[in-house]
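The structure under discussion appears below in the form of structure tokens.
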There are 2 protein chains.
Amino acid sequence: MKLARSDRGSQTRELLLATAERLFAEYGVEGVSNRQVSEAAGQSNNFAVGYHVGSKEDLVVAIVRPHAASIERRCGEMVAQLPDSPGLRDWVSCLVRPAVEHLASLGVPSWYARFIAQATTHPTFRRLVVGEAFASRSFQRCHEAMFRLVPLLPEEVRRERDDMGRLMLVHICAERERALQEGTASPHSTWESTATGLVDALVGLWLAPVTARW
Amino acid sequence: MKLARSDRGSQTRELLLATAERLFAEYGVEGVSNRQVSEAAGQSNNFAVGYHVGSKEDLVVAIVRPHAASIERRCGEMVAQLPDSPGLRDWVSCLVRPAVEHLASLGVPSWYARFIAQATTHPTFRRLVVGEAFASRSFQRCHEAMFRLVPLLPEEVRRERDDMGRLMLVHICAERERALQEGTASPHSTWESTATGLVDALVGLWLAPVTARW
DNA sequence: CAGAGACTAAGTCATACGCCTTAAAAGTCA
DNA sequence: TGACTTTTAAGGCGTATGACTTAGTCTCTG
């Protein structure tokens with residue numbers, strides 16, 4: 001069968017992706033060359049990344065994709081179990097918890113949160129990554145449902161607070177991931193507490209009064 | 001007199017800093033070599049950065065310092081003009097507006113917000129930059145005053161929301177700076193509106209109810 | 001089992017890097 | 001003016017990079 005043959009290749013590919021994710025989180029996306037990734041993954045061929053994945057942009061996208069899929073799946077499941085006429089807090093939870101629980105499922109140390117924080121902040125990888133990681137169906141649906149529950153906001157403020165929410169989710173997760181690796185707290189309680197804190201904060205953010213402008 | 005002599009040198013140095021700030025914001029801090037900075041600044045000596053500033057870490061700190069000083073000055077002035085028994089919103093404004101007004105004063109295009117967003121996200125430059133940019137006296141004072149007005153928060157939540165506020169300030173300013181460069185909105189109204197939006201959001205964040213954990 | 005295709009090892013090549021040296025130019029002061 | 005210091009110009013040196021080639025290994029399929 002074909003699996004066994006393509007297995008070795010795809011194993012190597014996944015090893016490369018995991019290694020790249022870790023190195024990028026530790027030293028910055030631009031701070032690590034494809035060559036270093038190949039060598040750190042134990043490949044004698046310094047062009048292994050080029051062969052199995054492609055350019056650095058391809059590599060970044062390839063790292064994001066499976067994580068995004070897992071989060072999307074969790075998000076879909078959570079939406080399906082929502083009570084009748086869910087409130088703002090329910091929808092916010094559907095945006096926060098799938099991502100946090102995915103990170104929790106990775107164990108310690110995980111690297112994805114720090115990787116994604118950097119990638120979304122980088123001027124050239126930004127578009128690529130945001131499109132890949134935040135454009136899923138369930139995610140979109142939660143956003144729309146959420147907007148309907150805060151109907152008083154002008155479009156501009158809505159967009160602004162949406163940005164704020166995304167930034168908080170990404171970067172707070174990155175900081176917790178770092179703290180978790182350095183510290184002594186139990187992973188589960190830390191991630192659970194992070195999710196609760198984020199949901200509280202995001203609800204407060206969306207419900208904050210709006211000062212008129214101009 | 002000595003000024004004239006050191007003038008040429010310090011002018012070159014400042015040209016290097018400004019060039020580096022722009023290139024870092026455009027292509028990422030790690031994506032630009034000191035050599036490229038020297039050459040983009042029109043210096044034939046490709047070691048100009050090394051001569052005038054030092055290592056890349058020194059360069060990053062040197063870029064931050066004057067901006068941080070300007071923001072600190074504005075913050076001090078704003079605190080001095082605060083009304084008697086200022087409210088939460090007043091102290092939040094003292095944390096947000098000095099930074100935003102400093103960015104507005106730079107004109108369009110400015111690069112500092114995007115630079116600082118990346119630098120504070122980078123795993124190795126993080127400590128360096130956060131210490132330099134957010135550790136000023138007036139800033140600390142505003143924080144403490146703010147905390148006294150939200151006394152119910154557990155220490156952990158306080159710290160968490162403090163992180164959130166800092167992240168929002170930095171990254172939202174970076175997004176606005178980018179939008180401003182690409183878009184057509186008048187700079188003043190955009191920055192003013194950004195400040196208002198941030199203050200609204202941060203007040204909402206600090207006043208958000210806290211769910212018990214564990 | 002033999003051969004085709006997928007994968008890895010090993011290494012080449014031009015380019016770009018950081019760091020450094022040397023020499024000329026610009027500026028200062030006795 | 002002439003000795004002295006600071007700054008800039010020009011370029012060398014060893015190393016690391018991305019892109020690529022070639023040779024060989026492994027695994028399945030016919």
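Scope of the values below: all heavy atoms of this structure, side chains included, with no hydrogens, waters or symmetry mates. Letters A, B, ... mirror the listed sequences (proteins, then strands); counts begin at 1. Quantities reported herein were computed from a predicted structural model and do not represent experimental measurements.
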Exercise for review: Find the distance A:Leu16:CG to D:dG18:P and express it as a whole number of Å.
Suggested key: 14 Å
Practice item. Report the residue (A:Asn45 or B:Val32) whose heavy-atom-nearest nucleotide on DNA chain C is the more 5′ of the two. Key: A:Asn45
Review point. Distance check: side-chain N/O of A:Ser44 vs OP1/OP2 of C:dT8, anything under 4.0 Å?
Key: no
Review point. Excluding sequence neighbours, so at least two apart, what forms side-chain contact (heavy atoms from CB on, under 4.5 Å) with A:Arg73?
Key: A:Ser70, A:Glu77
Study note, to complete from the structure: Residue set satisfying side-chain contact (heavy atoms from CB on, under 4.5 Å) with A:Leu17, at least two apart, ordered chain then number -> A:Arg13, A:Val53, A:Leu59, A:Ala62, A:Ile63
Check your understanding: So which nucleotide from D:dT7, D:dA9, C:dA9 ends up closest to the side chain of B:Tyr51?
Key -> D:dT7
Practice item. Return the nearest nucleotide to the side chain of B:Asn46; candidates are C:dC20, D:dA9, D:dC20. Key: C:dC20
Practice item. Find the distance A:Arg13:CZ to C:dT8:P and express it as a whole number of Å. Key: 12 Å
Exercise for review: Go through D:dA19, D:dT8, C:dC7 for me and flag the one nearest to the A:His52 side chain.
Suggested key: C:dC7
Practice item. Can you sort out the partners of A:Arg35 under side-chain contact (heavy atoms from CB on, under 4.5 Å), two or more places apart, ordered by chain and number? Key: A:Ser33, A:Glu39, A:Asn46
Check your understanding: Between A:Leu15 (CG) and C:dC7 (P), how many Å, whole number?
Key -> 15 Å
Practice item. Give a yes or no on whether a salt bridge exists between B:Arg65 and B:Glu132, defined as a side-chain N under 4.0 angstrom from a carboxylate O. Key: yes
Review point. Do you know which two heavy atoms are closest between A:Leu16 and A:Ala48, and how far apart they sit?
Key: CD1-O, 3.8 Å
Check your understanding: Please, which pairs that meet ring pair (Phe, Tyr, Trp, His ring centres under 6.0 Å) have at least one residue in residues 14-41 of chain B, sequence neighbours excluded?
Key -> none
Check your understanding: Residues in side-chain contact (heavy atoms from CB on, under 4.5 Å) with A:Ala145, at least two apart?
Key -> A:Trp91, A:Arg148
Check nucleotides 15-17 of chain C against the protein and report each pair of N or O atoms closer than 3.5 Å, with its distance, or say if there are none.
from   : atom 1 : to      : atom 2 : distance (Å)
C:dC17 : OP1    : B:Ser33 : OG     : 3.1

Check your understanding: Reckon A:Thr12 has a side-chain N or O less than 4.0 Å from the OP1 or OP2 of C:dC7?
Key -> no
Revision key, fill the gap. Residue set satisfying ring pair (Phe, Tyr, Trp, His ring centres under 6.0 Å) with A:Trp206, at least two apart, ordered chain then number -> A:Phe147
Revision key, fill the gap. Under a 4.0 Å heavy-atom cutoff, the residues of residues 54-65 of chain B touching DNA chain C are none
**Study point:** Residue pairs, two or more places apart or on separate chains, that pass salt bridge (Lys or Arg N to Asp or Glu O under 4.0 Å) and touch residues 104-127 of chain B
**Key:** A:Glu175-B:Arg126, B:Arg114-B:Glu177
